[in-house]
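Predicted model, so just to flag it, every value in this text is computed and none were measured.
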Amino acid sequence: MNPDLAQLHPYPFEKLTQLKVGATPPTELAHIALSIGEPKHPTPGFIVEAVIEHLHGLSHYPSTVGTIKLRQAIADWLSRRFQLNGHVDATRHILPVNGTREALFSFAQAIINPERAPLVVMPNPFYQIYEGAAFLAGAQPYYLNCNPDTNFIPDFDAVSPDVWERCQLLYLCSPSNPTGAVIDQATLIKLIDLAHQHDFLIASDECYSEIYLDEDKPPVGLLQAAMAAGHTDFSHCVVFHSLSKRSNAPGLRSGFVAGDARVLKEFLRYRTYHGSAMPPATQAASITAWQDEDHVIYNRQYYREKFAAVLAILSPVMNVEQPEAGFYLWAETPIDDTEFARQLFNEQNVTVLPGSYLARETQDGNPGKNRVRMALVASLEECTEAAHRIRKLIENL
Ligand SMILES: Cc1ncc(COP(=O)(O)O)c(C=O)c1O
């Protein structure tokens, strides 16, 4: 077997299942899960219909590069959303992927050179795929803690030049899962300069970019920052976007990678061998999804209502703030996070994810310690009910 498989950590949900063993939640209270980051708002009907309508395409092998119609729809959306004004070429800058998870993972496999003691730099806490991708590509993860004193953005200035020199890949997650923090344009430009100086690639996971709380303040993207810095070829920059959160379609498995054409050409070569073409019906449904913005605006509005309702109940009793974007609350717990999660399940039948499960221990500690992640994905009624129960638990501690 590949010895690097042994380096993979158990997934946070495996640890959560263990934590709940032996608990006896009250049966009169229905279970509410705030633990899983799976959107629960309904998938728009027109996306579902487009899948059904195009099932006849099953008789053809799709190409890995995807139809030009899909890539053009994506290029148009990307240009509109991030004001890339004619600089996105659908034939060179876009590749469809089967959800960003597989793409974030396979990207590292395609680009890492394991012979140069590579580092893959990533935020801490982080989406666990970045770490597994680093291990299986023969690299070492290098964790940058996200703390409240820097608004949960890593202190990139504190990273030594030696680390940047060994870095082959920097994963960014903006808006962040789990903190909801957004990296600003000036910081992105600084990172793009570093990427050019030390010759590493930036993989910016932007799959929460369409869920933001201020309608007038959409999160800036890496390609937008590259343009602002004069890199109209997006060199050293690749972004990952998804329909899972934007369009409430996690089962569709549809996203895209965009950016540096030189890198995407090699990534396409890798993907052709890997065998990761997007099914034709998914491609057709994805075109209609990227072309519509109304359902996305509605989606954001519903998240806003949930944040307002839940924060009104929780902020008087715990240190929790509205994030800039995403659908998570990254709340401080009055007691140890694992104990808090266990008691909350045992006494109130509500599941949240301990923050320490989403981060690694570093010399400066575990930045997820004494925090929990709450995903406001359920209905307004369920989220509100969960908030009341959390408050009750805290008041009785
Ligand atoms: C930060 C982050 N990136 C990527 C993904 C993967 O999303 P998908 O593969 O559905 O596009 C998730 C899913 O939860 C996520 O939280």
Side-chain angles (χ1 to χ4, degrees), residues 43-44 46-58 60-100 102-104 106-107 203-207 209-210 218-227 231-235 237-249 252-272 276-297 299:
T43 310
F46 73 90
I47 298 179
V48 179
E49 290 311 315
V51 173
I52 295 167
E53 199 183 312
H54 289 86
L55 283 175
H56 54 257
L58 293 180
H60 299 289
Y61 271 120
S63 66
T64 307
V65 74
T67 62
I68 187 63
K69 211 173 154 203
L70 171 61
R71 280 176 291 146
Q72 193 59 57
I74 292 171
D76 292 345
W77 177 81
L78 194 63
S79 266
R80 265 197 315 277
R81 167 64 176 83
F82 296 104
Q83 296 114 50
L84 303 177
N85 315 328
H87 287 282
V88 187
D89 177 349
T91 65
R92 296 189 309 126
H93 292 131
I94 308 282
L95 273 184
V97 299
N98 296 313
T100 47
E102 64 91 356
L104 287 160
S106 58
F107 189 69
S204 182
D205 179 353
E206 299 179 358
C207 76
S209 69
E210 302 319 290
V220 66
L222 183 71
L223 299 189
Q224 203 172 358
M227 281 261 299
H231 302 292
T232 50
D233 59 355
F234 311 122
S235 99
C237 297
V238 176
V239 295
F240 295 73
H241 282 270
S242 174
L243 289 175
S244 299
K245 327 283 179 187
R246 173 187 181 269
S247 300
N248 298 314
L252 188 64
R253 311 309 304 131
S254 178
F256 69 84
V257 179
D260 190 328
R262 179 186 58 97
V263 176
L264 289 194
K265 190 167 170 226
E266 293 304 312
F267 190 35
L268 173 61
R269 204 144 73 96
Y270 177 91
R271 295 178 67 75
T272 307
S276 43
M278 183 185 282
T282 309
Q283 294 198 40
S286 302
I287 292 169
T288 62
W290 290 115
Q291 286 172 339
D292 183 76
E293 219 53 54
D294 289 349
H295 73 283
V296 190
I297 295 169
N299 200 33

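- The closest side-chain heavy-atom distance from Q224 to Q83 is below 4.5 Å.
- In this structure, CG in L222 is found 12.0 Å from OG in S209, a value given to the nearest 0.5 Å.
- Remark: side-chain polar atoms of R71 are paired, donor with acceptor, to backbone N or O of G66 under 3.5 angstrom.
- Side-chain N or O atoms of S79 include none that pairs as donor or acceptor with a backbone N or O of L84 at under 3.5 Å.
- The minimum heavy-atom distance linking T232 with M227 is given by the pair CG2-SD, 4.1 Å.
- One finds the CD1 atom of I94 at 13.0 Å from the CG atom of L268 (value rounded to the nearest 0.5 Å).
- Panel note: side chain E102, backbone N98; a donor-acceptor pair is recorded below 3.5 Å.
- The closest side-chain heavy-atom distance from V97 to S276 is not below 4.5 Å.
- Taking the six-membered ring where the residue is Trp, F267 and Y270 present parallel rings, their angle staying beneath 30° rather than reaching 60°.
- Of all the heavy atoms in S286 and T282, the pair that sits closest is OG-O, 2.5 Å.
- The closest side-chain heavy-atom distance from V239 to F234 is not below 4.5 Å.
- A donor-acceptor distance shorter than 3.5 angstrom exists from the side chain of S242 to the backbone of S244, with no hydrogens or angles considered.
- For the pair G255 and M278, the tightest heavy-atom approach, listed with the atom from each and the gap, is O-CE, 3.9 Å.
- Counting heavy atoms from C-beta outward, S247 and I47 have side chains that approach closer than 4.5 Å.
- You'll find the side chain of S235 stays beyond 4.5 Å of the side chain of R262, heavy atoms only.
- Under the 4.5 Å side-chain criterion, counting only non-hydrogen atoms from C-beta, P218 is not in contact with F82.
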Derivation of the side-chain contact (heavy atoms from CB on, under 4.5 Å) call for R246 and H295: CA-CA 9 Å; R246 173 187 181 269; H295 73 283; 3.8 Å; yes

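- Using a 4.5 Å heavy-atom cutoff, the side chains of D260 and L264 are not in contact.
- Counting only heavy atoms from C-beta outward, the side chains of P62 and Q283 approach each other to under 4.5 Å.
- The existence of a salt bridge linking R81 and E293 is excluded, since no basic side-chain nitrogen approaches an acidic carboxylate oxygen closer than 4.0 Å.
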side-chain contact (heavy atoms from CB on, under 4.5 Å) assessment of V65 paired with L95: CA-CA 6 Å; V65 74; L95 273 184; 4.0 Å; yes

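- Summarising the geometry, atom CD belonging to E53 is positioned 9.0 Å from atom OG1 belonging to T288; distances are rounded to the nearest 0.5 Å.
- Taken to the nearest 0.5 Å, the CZ atom of F240 stands 5.0 Å off from the CG atom of L104.
- Between R271 and S106, the closest heavy-atom pair is NH1-OG, 3.5 Å.
- The aromatic rings of W77 and W290 lie tilted to each other, with the angle between the two planes from 30° to 60°.
- Taken to the nearest 0.5 Å, the OG atom of S254 stands 4.5 Å off from the CG atom of L243.
- For R269, the CZ atom is loosely surrounded, since the number of other residues' heavy atoms within 6.0 Å does not exceed 12.
- Not a single salt bridge (charged side-chain N to carboxylate O under 4.0 Å, His left out) links E49 to another residue, sequence neighbours left out.
- Atoms CD and CG, from Q72 and D89 in turn, are 8.0 Å apart once rounded to the nearest 0.5 Å.
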